[in-house]
J.: 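Here it is, the structure, as structure tokens.
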Amino acid sequence: MKKIEHQKNEFKESWHDSNLKTICAFANTEGGNLYIGIKDNGDIKKLKNLKKLMEDIPNKTRDILGITPKIKLEQKKENKIIKIEIDYSSAPISYHGSFYVRSGSTTTELKGHELSDFLIAKSGQAWDSFIEEKSSIVDIDLHTIEKFKKLSLKRVPFIADEKDPEVILEKLNLIEKGKLKRAAILLFGNNPKKFYTTAYIKMGKFITDTDVISTDEIVGNLFQQIEKTIELLRTKYLISNITYEGIYRKDTLEYPEDALREAVINTVVHRNYIGAHTQLKVYPDRLNLWNIGKLPKDIQIEDLKKPHSSRPRNELMADIFFKAGLIEAWGRGTIKIIDNCKRAGLPEPEFMEEFGGFSITFSKTKAIKKFTATTQKTTQKTTQKTTQKILELIKKNSHITRKEMAKAIGISEDGIKFNLNKLKKKGLLKRVGSDKGGYWKAIDIGRIGR
């Protein structure tokens, strides 16, 4: 029976030093066998200078790759072939400064974030546990620390009375030898983007794949990013169905808020922070959340729909979110998302590996689309009332700030900003002078709602 090329077998008609790439790839992946003297179709080809090859190959693998595989001769009919048995190496192996791995029967060079992931995995540490040399305690946002103390009271009560933020971070394993770890910067930093340029979420509202009507860039630490993202979805990007239970008002988003929050948390915890920023796109009929970084090799898409092992890319960050009560049980986040969508009458969200990363897409049924059409009218009436209140406040005090408007009306500053922009686009409002020293000028209050 002829041997076949696959993940652990490779055939070469003759020896060339470039074959060291294949040996390098086997060592970096799962080990394997390189046969010299066999054609791709499995036929045997007579080798020349066997004695010299048996001396040169082990010397070159040792001198260039730093490993010593087993090399032996095998008799195949009337000819001999060389079999090179390569063991898996726990240390990364390079060939002239480049790193190779096996993917099926192909030898592939690692580059970019894939190379970074590979080297980190070989180090035995998660990316977020490495020290960030350029950082110090002044890069930590104290308000976020205080908020975390309240969130984590049940799971880590021993930090509740601690006043020193550095001691708190040490107890959370976020400081090593007096230096902040990457996880500390992302979780509690006052400006993580200063250290990791892709550490933000870009959100857009799309009519089609190419027509975008609004965008927002969400920065800050991960706790802040989650809250800002949900707030913007609630106030600007999604439609709410407003109902009343007795005297109590109830706002229900197009997609269940618990599912959205779980999806955003999963994204910031499991994403790769080398490569590209997180992208959230809202369309009339769907919502897509994408981040760089694929699933672990031993977890498939179908596994996400049932209880599965937890393999967080960033273990420290996952642990902190668990302590804060934002992750209830590792390996069940995707199941919670699916269950919440089903309860809301929505189809199961679609999980995909695409564009070098992972995405989740929430969709609407026909019934939900009909629901959207009716709730949109309700939302438009609510927006008109809000803009009317804003114009009335400006009429009383033309120097009023967005913060003061938000407090007076009872919505977020982002919601105020959104409505102010709508008024300016309609020509109903004008800003005179600078942001700090200027004032608002209402053009014609009677035109509101037209």
Side-chain angles (χ1 to χ4, degrees), residues 112-117 120 126-148 165-166 168-169 172 174-176 179-205 212 214-233 235-237 260-261 263-282 288-293 312-321 324 326 355-359 412-414 417-418 435:
H113 66 84
E114 288 184 341
L115 174 58
S116 174
D117 283 350
I120 288 168
W127 179 87
D128 64 339
S129 66
F130 281 82
I131 288 171
E132 183 50 64
E133 292 289 350
K134 297 177 182 178
S135 68
S136 69
I137 197 67
V138 298
D139 294 304
I140 296 300
D141 180 67
L142 301 182
H143 176 74
T144 306
I145 292 277
E146 290 303 313
K147 186 173 182 180
F148 173 78
E166 196 163 350
I168 292 171
L169 294 176
L172 294 173
L174 295 173
I175 289 183
E176 185 178 326
K179 295 280 188 178
L180 295 176
K181 293 182 180 180
R182 289 168 175 168
I185 296 294
L186 285 163
L187 290 162
F188 298 107
N190 48 42
N191 184 15
K193 199 179 172 188
K194 175 179 129 182
F195 297 90
Y196 317 112
T197 56
T198 65
Y200 67 97
I201 299 171
K202 189 156 191 178
M203 189 187 301
K205 191 164 191 174
V212 58
S214 65
T215 61
D216 284 279
E217 189 174 292
I218 302 164
V219 296
N221 59 55
L222 300 190
F223 287 104
Q224 293 167 342
Q225 285 186 30
I226 293 165
E227 291 308 315
K228 288 177 184 177
T229 299
I230 299 302
E231 178 70 8
L232 274 174
L233 285 173
T235 59
K236 180 176 177 180
Y237 282 82
L260 293 172
R261 184 179 294 275
V264 175
I265 291 171
N266 279 356
T267 293
V268 300
V269 169
H270 295 294
R271 63 157 288 188
N272 189 328
Y273 283 89
I274 300 171
H277 58 269
T278 297
Q279 297 169 28
L280 198 164
K281 297 179 179 179
V282 180
N288 176 265
L289 183 61
W290 176 91
N291 64 276
I292 194 81
R313 182 185 301 274
N314 302 298
E315 293 184 4
L316 268 178
M317 292 196 289
D319 182 57
I320 296 302
F321 276 111
L326 298 178
F355 312 118
F358 178 82
S359 73
S412 69
E413 285 188 56
D414 284 326
K417 184 179 177 181
F418 172 66
D435 287 342

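On a predicted model such as this, the values are computed, not experimentally measured, just so you know. Atoms considered below: every heavy atom in the structure, side chains included; atoms not considered: hydrogens, waters and symmetry mates.
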J.: Between Leu316 and Ser129, which heavy-atom pair has the shortest distance, and what is it?
T.: CD1-CA, 3.8 Å
J.: Calculate, to the nearest 0.5 Å, the distance between atoms CG and CD1 belonging to Leu180 and Ile140 respectively.
T.: 5.0 Å
J.: Side chain to side chain contact (heavy atoms under 4.5 Å, CB included) for Arg261 and Glu227? Distances and angles first, verdict last.
T.: CA-CA 9 Å; Arg261 184 179 294 275; Glu227 291 308 315; 2.8 Å; yes
J.: Would you indicate whether the side-chain heavy atoms of Leu280 and Thr267 approach each other to under 4.5 Å?
T.: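 Contact flag for Thr267/Leu280 side chains = no.
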J.: Can you name the one residue among Lys193, His277, Arg271 that meets side-chain hydrogen bond (donor to acceptor under 3.5 Å, both in side chains) with Thr198?
T.: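 In the set Lys193, His277, Arg271, the residue that makes a side-chain hydrogen bond (donor to acceptor under 3.5 Å, both in side chains) with Thr198 is Arg271.
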J.: How about His143 and Phe223: do any of their side-chain heavy atoms sit closer than 4.5 Å?
T.: no
J.: Passes side-chain hydrogen bond (donor to acceptor under 3.5 Å, both in side chains), Tyr273 versus Asn314? Steps please.
T.: CA-CA 10 Å; Tyr273 283 89; Asn314 302 298; 5.8 Å; no
J.: Are the side chains of Ser214 and Tyr237 in contact, using a 4.5 Å heavy-atom criterion?
T.: yes
J.: Just wondering, do Lys134 and Asp139 contact through their side chains at under 4.5 Å, heavy atoms?
T.: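 Side-chain contact under 4.5 Å: no.
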J.: How far apart are the C-alpha atoms of Phe188 and Leu174, what are their side-chain angles, what is the distance that settles it, and do they pass the side chain to side chain contact (heavy atoms under 4.5 Å, CB included) test?
T.: CA-CA 10 Å; Phe188 298 107; Leu174 295 173; 3.6 Å; yes
J.: Where do Phe195 and Glu132 land on the side chain to side chain contact (heavy atoms under 4.5 Å, CB included) test, with the steps shown first?
T.: CA-CA 9 Å; Phe195 297 90; Glu132 183 50 64; 3.7 Å; yes
J.: Within the distance-only criterion (no hydrogens, no angle test), does the side chain of Gln225 pair as donor or acceptor with the backbone N or O of Gly220 below 3.5 angstrom?
T.: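 Yes.
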J.: With heavy-atom distances below 4.5 Å as the criterion, would you say the side chains of Thr235 and Phe418 are in contact?
T.: no
J.: Report the distance from atom CD1 of Ile185 to atom CG of Leu222, rounding to the nearest 0.5 Å.
T.: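 It is 11.0 Å, given to the nearest 0.5 Å.
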J.: Kindly indicate whether the side chain of Leu260, heavy atoms from C-beta on, has any atom under 4.5 Å from the side chain of Thr229.
T.: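 Heavy-atom side-chain distance check fails, nothing below 4.5 Å.
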J.: Distance check, rounded to the nearest 0.5 Å: Gln224 atom CD versus Thr144 atom OG1?
T.: 4.0 Å
J.: Working to the nearest 0.5 angstrom, can you tell me the gap between Ile320 CD1 and Leu326 CG?
T.: 11.0 Å
J.: Do Ile145 and Ile168 come within less than 4.5 Å of each other through their side chains, counting heavy atoms only?
T.: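 With C-beta onward as the side chain, the pair touches.
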J.: Thinking salt bridges, do Lys228 and Asp216 make one under a 4.0 Å N-O criterion?
T.: no
J.: Using the side chain to side chain contact (heavy atoms under 4.5 Å, CB included) definition, which of the options Asn291, Val268, Val219 pairs with Ile201?
T.: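 Option passing the side chain to side chain contact (heavy atoms under 4.5 Å, CB included) with Ile201: Val268.
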J.: Within the structure provided, determine whether Ile274 and Trp127 are in side-chain contact (heavy-atom separation under 4.5 Å).
T.: yes
J.: So which atom in Pro165 and which in Leu142 form the shortest heavy-atom distance, rounded to 0.1 Å?
T.: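 Minimum heavy-atom contact is CG-CD2, 3.7 Å.
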J.: Rounded to the nearest 0.5 Å, how far apart are CZ of Phe148 and CG of Asp141?
T.: 14.0 Å
J.: Given side chain to side chain contact (heavy atoms under 4.5 Å, CB included), test Thr278 with Val264 step by step and report yes or no.
T.: CA-CA 10 Å; Thr278 297; Val264 175; over 6 Å; no
J.: Grab the two heavy atoms, one from Ala199 and one from Leu186, that are nearest each other, plus how far apart they are.
T.: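 The pair with the smallest heavy-atom distance is CB-CD2, 3.8 Å.
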J.: Can you measure from CD1 (Ile131) to CD (Glu176) and round to the nearest 0.5 angstrom?
T.: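 The distance works out to 4.0 Å.
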J.: Restricting to non-hydrogen atoms, name the atom on Ala183 and the atom on Met317 that form the minimum distance, rounded to 0.1 Å.
T.: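 Scanning both residues, the minimum pair turns out to be CB-CG, 3.8 Å.
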J.: Can you check whether Asp128's main-chain N or O pairs, donor with acceptor, with Arg182's side chain at less than 3.5 Å?
T.: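 No; zero donor-acceptor contacts below 3.5 Å.
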